[in-house]
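The residues of the chain are indexed from 1 along the displayed sequence. Keep in mind that this is a model prediction, so the values were computed, not measured. The figures that follow rest on heavy atoms only: side chains count, while hydrogens, waters and symmetry mates do not.
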Amino acid sequence: AIYCSHHIRIASSLPNWGFARACARPMALQLKEIVDRLNAEPFKLDLSLVGFDDKDPFELMEVLKVVLVHLDPKHEVDLREEKPDVMYQRIAEYLHILGYQCGFDIEFQQGLISGDKSAVHPILYWLLGNLDALRKRSYLAKFCMNLDVPEEFLREEKVYEAFQQYKELQSQFKATHSHVEQERAGRMNPTDLQREVIQLDAEREQLSQKIQHLKQRSAKDQSFAVLLEVTSMLRKEQEEEARLMEKLQEQRYQLEQVEQLYIERSTRLREMREAAQADGGASAEAMLRMLRNEVTKNRQALVRVKRESDEKLQRLKDIDSALSDPPVTKSDIDDLEGHIHGMQADIQDLESKIGEHNQDSRLSVYKQQANLVSKKKEVVFKDKKQLEEERDKLSAELSVKEKEYEVTKGHKPMKRDEFKTYAASLRDKSAKFKRLKAELSELRHEVSVLVRSEQLLSAKDPTPQGLRETEEALEKASIEKSQVDKAKGKTLDEISGIVQRINSQLKEKKNKLAPQIKALRSVRQHFQQVEVKYLEKKSAYDGAKSQMDGELSKLAGDCKGLEQEVMDSEQSYHLLNMQTSTEDSKLMRAQREARCMRKEERLSPEFQTLQEQYQKQIVLFDDQCKDLRKEQKRVKETHEDDLKQKRAFMQLEALMHIKLKVSKQELQSSQYGGMLTRSMMEHTAGVERLIIE
């Protein structure tokens, strides 16, 4: 309240007092919230509104540094040693990373460097209002901020590999962090889990009791076992059917996705083949043209998706606003209907008044023309509506036909421009086919000539030299193969012997370990029994511990609240006690003064009352003031003369020092030079002189 009134008084004294008075209240609320958050965890600065407002720029920047260090420890620097430009660069970059909305212009830079309240207070308000979210954003910014590397550096292989490794690590961090966030969000509180376990145990007990009761009732019924078996089989079949239906839906969804992907890939393959055939090879221009077409399609799809997303977001906002509005009651609907009926009655009254005013016969011709025009307009609108419906129907049929064509043919139907390009490519292909056919006929003619030459040569020499060499090589290879097979057989025999030895050793080890395994099984069974008992005891202990912890925490909270109340009561007691003692002393002094004024007693031997003592002191102080004024007047009048006299004495003192120094020097020179023959002291005008001859 003191701070607000102080600011309101200051704002009323400024020229633009209306705007300042209007802004004083929000500013005070903003500063109050800043101080409250700084006094709370984790800062605990113990500030007050007036103290925070009276801080100088350096102290204000220290407070900002404390908040920034809480978000990121790298801001733990000495502001006295850091240069202002470096400090602004560090804080501005960090605020930009956190997403602080500001122009970051010269005015903001000067205000931040100088520690101006108009620049620092909004930053503190924004940081303290979003502290947890900004701390998380600051942590993620260390790993998710993209590192800008110039292209000329990326041309080097090592730099490019390091940059790609950096990108992979960044993507791994994002995936790991999102997984950790999901795990944290899905993790339940141990107290809730214990409560849920207790509830499930209670439900299990109830179900077991119901099952036991049903078994007792159905024990005498002989057909119940058959009915139970049939119902269990029915339940299993229903579960299997539900599972198969889920699988069917999932496979249908996957099939649709695969078909869509197949259509896209087949279309892409067809376009690439057409481009390659049209240009006679996969040239760079064809690839660039294909990429441009793909980019254009992707942009169109992006625009369509953005438009649909904006429409859905707007729809969602409308739904949220409708849900946030108060529910409409029957009385509200009745009021609106009554308002509508009243408006309709007013409209009818106005139409009747207009009809009465328009009874002039000269307007009938224009009315008839207006009616004809309106009828023609209605007819045209109906025709237009029918044409639009036909157009929509034809467009829907066309889209259906295009989808059927795409499914059957594997690609979309061609448009006019695409068909022209396709016809041109066909002409090019036909010319290329004729040229290749002529080359093929020439190659076939050459092959026939070569075949005839081979037949003639084989007729002259049926067993040529090359065939004999091949036969010898085959015989040698067969001999070597038989040798290798013998070596393999020996190796296999050795391996089989080793395997038999290993199997025999394994059997021996198994026989030795058999009694130990039996003992281990018995120990395992005992361990399972002990573990079951342990789990039961542990669950009981955990339940009791959770209950006791809850009660203890509740009692601790109550005790803390009572201690705070006691401390507040003691503080208020001591404050009131001090105020009471002060007021009692004042009351006693006033009562004594009243008795002294009634002359029932005397204040002191010199004075009757305190008033007389104060009046006497006032008179003495007045006399002292008069004497001091007279002394001040005398000092002012003689000040100049006193200064002159002081300067004269100072000059005389300096002259005497110089004379003494000169006489000492002359005396020393006379003693060391041996020139002193006669000394004589004469008294001339009261001055002693030393004469040397």
Residues, nucleotides or ligands: over 12 heavy atoms within 6.0 Å of R252 CZ:
no
Please round to the nearest 0.5 Å and tell me the distance separating atom CG of L95 and atom CG of L68.
6.5 Å
Could you list all the salt bridge (charged side-chain N to carboxylate O under 4.0 Å, His left out) pairs where at least one residue sits in residues 303-318, not counting sequence neighbours?
none
Give a yes or no on this: more than 12 heavy atoms of other residues, nucleotides or ligands lie within 6.0 Å of atom OH of Y166.
yes
Check E33 with R37, please: is the shortest side-chain N to carboxylate O separation under 4.0 Å?
yes
Do you know which two heavy atoms are closest between H177 and Y139, and how far apart they sit?
CD2-CE2, 4.3 Å
Not counting sequence neighbours, which residues clear side chain to side chain donor-acceptor pair (under 3.5 Å) with D36? List them please.
K32
Grab the two heavy atoms, one from D56 and one from E59, that are nearest each other, plus how far apart they are.
OD1-CG, 2.8 Å
Please lay out, stage by stage, how V120 and V63 fare under the test side chain to side chain contact (heavy atoms under 4.5 Å, CB included).
CA-CA 10 Å; V120 179; V63 174; over 6 Å; no
CG-CG distance between L31 and L124, expressed to the nearest 0.5 angstrom
9.5 Å
Return the minimal non-hydrogen interatomic distance between H75 and K65, and the atom names on each side.
O-CG, 3.6 Å
For the backbone of F108 and the side chain of D105, can you confirm whether one donor and one acceptor N or O come within less than 3.5 Å of each other?
yes
Nearest 0.5 Å please: distance from the CE atom of M87 over to the CG atom of D85.
9.0 Å
Should R80 and F58 count as side-chain neighbours, where that means a heavy-atom distance under 4.5 Å?
yes
Of the non-hydrogen atoms in F52 and I34, which two are nearest, and what is the gap between them?
CZ-CG2, 3.9 Å
Counting only heavy atoms not in E397 (residues, nucleotides, ligands), do more than 12 fall under 6.0 Å from its CD?
yes
L47 backbone acceptor or donor facing N39 side chain under 3.5 Å
yes
Charged N to carboxylate O under 4.0 angstrom, E389 versus K393?
no
Quick one: does L112's side chain get under 4.5 Å of I123's, heavy atoms only?
yes
Testing the 3.5 Å rule here: is there a donor-acceptor pair between the side chains of E93 and Q89?
yes
Heavy atoms, side chains only, cut-off 4.5 Å: are E259 and L255 in contact?
yes
With a 4.5 Å heavy-atom cut-off, do D132 and K136 have their side chains touching?
no
CD/E250 to CG/L248 distance, rounded to the nearest 0.5 angstrom?
10.5 Å
Any luck finding a side-chain donor-acceptor pair between Q249 and Y253 under 3.5 Å?
no
Stepwise side chain to side chain contact (heavy atoms under 4.5 Å, CB included) test for K376 and V379
CA-CA 5 Å; K376 289 181 180 180; V379 172; 5.6 Å; no
Flag side-chain contact, heavy atom, 4.5 Å: Q109 against I106:
yes
Go through it in stages, so that I can follow the logic: the residues are L127 and L64, the test is side chain to side chain contact (heavy atoms under 4.5 Å, CB included), and I'd like the CA-CA distance, side-chain angles, deciding distance and then a yes or no.
CA-CA 9 Å; L127 291 175; L64 179 61; 3.9 Å; yes
Pairwise distance CG(L436) to NZ(K434) - rounded to 0.5 angstrom
12.5 Å
Minimum heavy-atom distance between V67 and F43, given as atom pair plus value
CA-CE2, 3.9 Å
Output, in order, the C-alpha distance, side-chain angles, deciding distance and verdict of side chain to side chain contact (heavy atoms under 4.5 Å, CB included) for D428 and K432.
CA-CA 6 Å; D428 296 335; K432 189 176 180 180; over 6 Å; no
Side-chain heavy atoms of E390 within contact of L387, under 4.5 Å
yes
Apply salt bridge (Lys or Arg N to Asp or Glu O under 4.0 Å) to R137 and list each qualifying residue two or more places apart in sequence or on a separate chain.
none
Within the supplied structure, the quantity of interest is the number of heavy atoms (other residues, nucleotides, ligands) at a distance under 6.0 Å from E388 CD; does it exceed 12?
yes
May I ask you to check whether over 12 heavy atoms, not counting those of E241, lie within 6.0 Å of atom CD?
no
For T296 and R292, indicate whether the former's side chain and the latter's backbone hold a donor-acceptor pair under 3.5 Å.
yes
When you compare the side chains of S114 and D116, does any donor N or O come within less than 3.5 Å of an acceptor on the partner?
no
Under a 3.5 Å distance rule, please check whether K117 uses its side chain to pair with a backbone N or O of D53 as donor and acceptor.
yes
Distance (rounded to the nearest 0.5 Å) between S374 OG and E378 CD
5.5 Å
Where is the tightest heavy-atom contact between S138 and L71, given as atom of each residue plus distance?
OG-O, 3.5 Å
Taking atom CZ of F433 as the centre, does the number of heavy atoms from other residues, nucleotides or ligands within less than 6.0 Å exceed 12?
no
Quick one: are K44 and E41 in side-chain contact, heavy atoms under 4.5 Å?
yes
Kindly determine whether E82 and R90 satisfy salt bridge (charged side-chain N to carboxylate O under 4.0 Å, His left out), including the steps that lead there.
CA-CA 11 Å; E82 191 177 22; R90 172 174 58 81; 2.9 Å; yes
